[in-house]
Amino acid sequence: MLSKSHPRYESLVLRDKIVKASKAGYLADSAMIAHGRGEAFDYLLGEKTTLPAKRAMYVTVAIMILSKNPVISVNGNTTALAIDEIIEFANTIGAKIEINLFYRTDERVEKITGLYHDHGYPEILGSLDDEITYINEIKNPRASASKTGIYSADTILVPLEDGDRAEILSQSGKNIITIDLNPLSRTSKMSDVSIVDNVVRAIPFMTKIADDLKSQDEKLLRELIEDFDNDTNLKESLELFKIKEDIK
Ligand code: ATP
């Protein structure tokens with residue numbers, strides 16, 4: 001039992017969710033390593049949402065509102081950490097959710113599909129009975145996509161993505177947006193918008209932004225997007241990792 005007074009309580013709660021998901025059998029072996037890497041970056045960031053991350057989130061929401069077929073790509077980690085928040089965000093912004101696993105097995109897909117159903121989201125794409133096709137005609141599991149989802153999407157939000165897959169997506173001509181605590185990852189560098197923040201903070205924050213931006217003028221949304229430069233924003237995110245504390 002975790003005590004709320006523990007200084008690392010929130011981080012330990014997330015770690016516990018990942019351990020449980022792993023035991024439930026829907027995470028790949030490397031999922032814990034990916035989580036640990038994220039944890040380390042978040043520690044250095046002070047486990048807070050930064051200004052550049054907020055800026056990237058406003059732009060993300062604006063792009064998603066203006067998109068015809070925005071899709072949120074989910075894997076085991078994002079499901080374990082933020083399933084309800086992802087469903088709420090998708091419903092608020094009018095996006096689809098698609099299961100997309102780097103190490104896709106029928107068993108994992110079935111378990112994750114079941115979780116979305118249990119959490120009140122039966123329309124989940126990328127399930128075993130969905131029609132799967134290949135982006136850029138690359139016959140490789142990393143390029144697989146649902147025909148009505150990622151394959152035909154104009155905007156894809158891919159939290160915690162792997163660089164190889166991000167590369168395939170970035171060559172597809174779609175808007176690629178990532179949430180990745182590592183501003184130096186290949187995914188962060190390749191995406192059109194990179195949100196350097198923890199997925200558990202970013203998704204609910206974007207739901208709030210969506211409630212606000214949905215009623216705004218299209219012109220304002222377009223200005224937000226045009227004024228944004230991902231490389232500059234990533235550099236600002238990186239600056240915030242400077243360690244200010246001294247060892248006493
Ligand atoms: P790349 O291939 O893009 O260079 P990578 O090899 O690190 O990156 P993975 O290990 O597949 O790719 O992806 C995990 C990424 O997700 C890491 O960059 C990690 O920092 C990030 N990450 C892990 N947990 C979280 C989280 N909760 N929120 C946001 N990002 C996270």
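In each ligand, atom 1 is the first atom listed, and ligand 1 is the first ligand listed. If you're wondering where the values come from, they're calculated on a predicted model, not measured in any experiment.
- With respect to the salt-bridge test (charged N to carboxylate O, under 4.0 angstrom), the residues Lys208 and Asp212 do not qualify.
- Among protein heavy atoms, the minimum distance from atom 3 (O) of ligand 1 is reached at Thr187 OG1, 2.6 Å.
- Considering only non-hydrogen protein atoms, atom 27 (N) of ligand 1 sits nearest to Asn198 OD1, 2.9 Å.
- Of all the atoms in ligand 1, the ones that sit under 4.0 Å from a non-hydrogen atom of Leu81 are 27 (N).
- Between Glu110 and Ile99 there is no side-chain heavy-atom pair separated by less than 4.5 Å.
- In this structure, the side chains of Phe241 and Phe41 come closer than 4.5 Å at one or more pairs of heavy atoms.
- Looking at Asp197 and Met57, their side chains come closer than 4.5 Å, going by heavy atoms from C-beta outward.
- Side-chain contact between Glu47 and Arg8 is present, with heavy atoms from C-beta onward closer than 4.5 Å.
- The closest protein non-hydrogen atom to atom 2 (O) of ligand 1 is Gly163 N, 2.8 Å.
- Side-chain atoms of Lys235 never come within 3.5 Å of backbone atoms of Asn230 as a donor-acceptor pair (strictly under, hydrogens ignored).
- The shell of residues lying under 4.0 angstrom from ligand 1, judged by heavy atoms, includes Asp197.
- Residues Glu236 and Arg55 are paired through a salt bridge, judged by an N-O separation under 4.0 Å between the basic side chain and the carboxylate.
- Ranking protein heavy atoms by distance to atom 8 (O) of ligand 1, first place goes to Ser185 CB, 3.8 Å.
- Of the protein's heavy atoms, Val199 N, 3.0 Å lies nearest to atom 28 (N) of ligand 1.
- Using a 4.0 Å cut-off between charged side-chain N and carboxylate O, Glu39 and Arg15 make a salt bridge.
- Here the heavy atom of the protein found nearest to atom 10 (O) of ligand 1 is Ala34 CB, 3.8 Å.
- Looking only at heavy atoms of the protein, atom 17 (C) of ligand 1 is closest to Asp180 OD1, 3.7 Å.
- In terms of protein heavy atoms, atom 30 (N) of ligand 1 is closest to Leu181 N, 3.2 Å.
- In this structure, of Gly36, Ala202, Ala31, Gly38, the residue bringing a heavy atom nearest to atom 20 (O) of ligand 1 is Gly38.
- In this structure, of Lys17, Arg37, Glu161, Arg165, the residue bringing a heavy atom nearest to atom 6 (O) of ligand 1 is Arg37.
- Remark: the backbone N or O of Ser188 is not paired with any side-chain donor or acceptor of Ser191 at under 3.5 angstrom.
- Atoms of ligand 1 found under 4.0 Å from any heavy atom of Arg186, numbered from 1 in the order shown, are 1 (P), 2 (O), 3 (O), 4 (O).
- If you number the atoms of ligand 1 from 1 as listed, the ones under 4.0 Å from a heavy atom of Asn182 come out as 18 (O), 20 (O).
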